[in-house]
Amino acid sequence: MSSDQDAAHRAREAFTARFGGEPEGVWAAPGRVNVIGEHTDYNGGFVLPIALEHTTRAAVARRGDGRFAAASLQDDGGAVELDLADLAPGSPEGWAGYPAGVVTGLRDRLPGGISVLVDSEVPVGAGLSSSAALTCSVALALRDLVAPELDGPDLVEIARGAENDFVGAPTGILDQSASVLCTAGHALFLDTRDRSSEQVPLDLAGAGLALLVVDSGVTHEHAGGGYGDRRRECEEAARRLGVDLLREVEDVDRLAVLSDGTAEGELLLRRARHIVTEDARVLEVVSALRGDADPRTIGPVLTAGHESLRDDFEISVPLLDAIVESALDAGAHGARMVGGGFGGSAIALVDADAVDAVTAAVTTRFEREGAPAPRTFVTVPSAGARRLA
Ligand code: GLA
């Protein structure tokens with residue numbers, strides 16, 4: 001990982017090479033992994049993410065010609081450039097839609113337009129929120145340059161609006177909240193209904209533990225398909241239960257009324273059961289971490305979360321299951337897929353001295369499955385979005 005200083009320098013130089021002139025500053029925002037609390041965010045429930053060390057950097061400067069220009073060091077296709085007035089969903093297409101969506105959210109503050117140079121170390125398509133890192137780095141830049149009254153939760157909303165309304169990915173607020181609000185050494189316990197949050201200390205290294213991230217290499221795409229289906233299924237289950245949000249159901253037994261003898265009723269029951277039990281798992285993990293409990297005790301709760309995502313929510317894929325199984329067989333205390341599902345990454349909670357053995361076990365399993373060797377790394381709870389220069 002680049003140091004903040006090196007990252008700022010690289011983004012600055014790249015900005016000047018691409019656009020001429022100096023950027024007004026460089027901002028960074030991280031990707032995330034969620035410790036527990038998956039698909040609860042759009043159900044008004046609880047989440048517990050940490051920020052990754054991996055960040056996306058945005059070097060930004062206002063312009064005078066009313067244009068939006070964006071370039072990325074990870075895209076050699078050249079800069080995207082168009083009039084601010086022409087920004088609209090689908091225009092521009094591709095990755096530039098994310099910063100364009102953020103700029104659109106504050107368009108009246110930027111009459112002269114803006115240039116953005118992006119450089120990212122957050123793996124794309126790995127379920128690690130590269131898109132939130134991108135939107136949040138730009139949102140923070142615009143806050144500092146033209147909208148100083150905005151606070152963290154406002155930035156989360158602007159970034160989410162870019163993703164939902166501009167790019168058309170129907171996500172909740174987990175990723176953007178993690179990217180903006182996380183702090184080093186802590187997991188962010190967020191109630192997505194009233195947006196209250198708490199920084200929960202998470203010193204894994206101090207307990208002789210490590211959090212291993214394994215990218216399955218199966219890429220996912222939230223703008224289409226299964227993610228939106230799950231949202232609709234949760235909404236329908238809530239409607240049949242007579243609640244606004246599944247978060248309001250605390251007792252799993254209440255879900256029995258969904259079972260009406262039809263296949264659809266059974267499916268909605270399973271979807272809702274994941275959400276209700278997942279909210280309970282977040283609370284269980286938070287109370288363990290707040291107390292003196294050995295963090296190893298959260299391992300089985302993480303694994304139960306995976307089983308629920310696999311069996312009730314049905315968003316795992318065979319390679320994610322393979323990571324979890326092989327990590328547990330090799331001695332991990334717990335393991336689960338993270339993020340929206342249908343691909344992406346999994347995490348495993350392992351003793352620090354077992355990282356190599358667990359990594360080797362997962363890699364061997366991938367070989368056996370005929371899959372390319374997975375990318376793996378150990379992560380620690382890192383800082384949220386910040387200005388670098
Ligand atoms: C994706 C979405 C988030 C959240 C997770 C699942 O990452 O962007 O809003 O719903 O999936 O927990």
Side-chain angles (χ1 to χ4, degrees), residues 29-52 54 56 97-98 101 122-136 153 156-182 187-193 195 197 213 215-216 218-235 245-247 271 274-279 281-282 285 302 305-306 308-310 312-317 320 336-347:
R32 62 99 189 89
V33 284
N34 199 8
V35 176
I36 189 79
E38 226 63 272
H39 284 260
T40 48
D41 61 349
Y42 55 82
N43 288 294
F46 304 111
V47 294
L48 188 70
I50 61 170
L52 298 177
H54 304 67
T56 295
Y98 292 91
V122 185
V124 173
L128 301 174
S129 292
S130 57
S131 55
L134 177 52
T135 52
C136 293
V156 169
E157 270 315 309
I158 288 171
R160 186 182 67 104
E163 196 142 347
N164 291 179
D165 307 332
F166 202 89
V167 177
T171 65
I173 61 158
L174 163 65
D175 310 339
Q176 301 81 1
S177 301
S179 190
V180 172
L181 303 173
C182 277
L188 175 76
F189 174 39
L190 173 70
D191 179 336
T192 64
R193 185 170 60 180
R195 308 284 164 101
S197 64
V213 180
D215 174 6
S216 69
V218 181
T219 52
H220 71 122
E221 177 50 83
H222 292 332
Y227 186 91
D229 292 343
R230 293 302 177 278
R231 268 196 96 132
R232 280 187 293 279
E233 289 157 3
C234 288
E235 279 158 17
L245 294 163
L246 286 179
R247 147 72 184 278
R271 301 295 189 254
H274 166 69
I275 301 302
V276 173
T277 58
E278 185 80 347
D279 274 331
R281 280 185 287 272
V282 178
V285 168
L302 305 191
H306 182 77
S308 178
L309 289 165
R310 182 191 64 200
D312 276 349
F313 221 57
E314 296 181 282
I315 60 167
S316 190
V317 296
L320 288 170
R336 56 179 289 271
M337 56 150 287
V338 293
F342 308 102
S345 298
I347 53 171

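Both ligands and their constituent atoms are indexed starting at 1 by order of listing.
Heavy-atom proximity to Gly339, at under 4.0 Å, picks out these atoms of ligand 1: 6 (C), 11 (O). Atoms of ligand 1 found under 4.0 Å from any heavy atom of Asp41 (numbered from 1 in listed order, with element): 3 (C), 4 (C), 9 (O), 10 (O). Those atoms of ligand 1 with a heavy atom of Gly172 less than 4.0 angstrom away are 9 (O). Within ligand 1, the atoms closer than 4.0 Å to a non-hydrogen atom of Tyr227 are 1 (C), 2 (C), 3 (C), 4 (C), 9 (O), 10 (O), 11 (O), numbered from 1 in the order shown. Atoms of ligand 1 lying under 4.0 Å from any heavy atom of Gly340, numbered from 1 in the order shown and given with element: 1 (C), 7 (O), 11 (O). The distance from ligand 1 to the heavy atoms of Arg32 drops below 4.0 Å at these ligand atoms: 7 (O).
In this structure, Glu314 pairs ionically with Arg271, as a charged nitrogen and a carboxylate oxygen lie closer than 4.0 Å.
Contacts with ligand 1 closer than 4.0 Å are made by no heavy atom of Arg160, backbone or side chain.
Here the side chain of Arg230 pairs a donor or acceptor atom with the backbone of Phe313 at under 3.5 angstrom. A donor-acceptor pair is defined here as one N or O able to donate and one able to accept, closer than 3.5 Å; such a pair exists between the side chain of Ser179 and the backbone of Pro30.
Shown here are the side chain to side chain contact (heavy atoms under 4.5 Å, CB included) partners of Ser129, two or more places apart in sequence or in another chain: Arg32, Ala132, Asp175. With sequence neighbours excluded, the residues forming a salt bridge (Lys or Arg N to Asp or Glu O under 4.0 Å) with Arg281 are Glu278, listed by chain and number.
Of the polar atoms of Thr40, none of the N or O atoms is found under 3.5 Å from an N or O of ligand 1, judged by distance alone. Inclusion of Tyr42 in the set of residues having an N or O under 3.5 Å from an N or O of ligand 1 is not warranted. In terms of polar-atom proximity, Asn34 is not counted as a contact of ligand 1, lacking any N or O under 3.5 Å from an N or O of the ligand.
Using a 30° and 60° split on the angle between ring planes, Tyr227 and Tyr42 fall in the perpendicular class, above 60°.
For Arg230, the closest heavy-atom approach to ligand 1 does not fall below 4.0 Å.
Taking CG of Asp191 as the reference point, atom CG of Asp41 lies at 11.5 Å (rounded to 0.5 Å).
Of all heavy-atom pairs between Asn43 and Cys234, the closest is OD1-CB, 3.2 Å.
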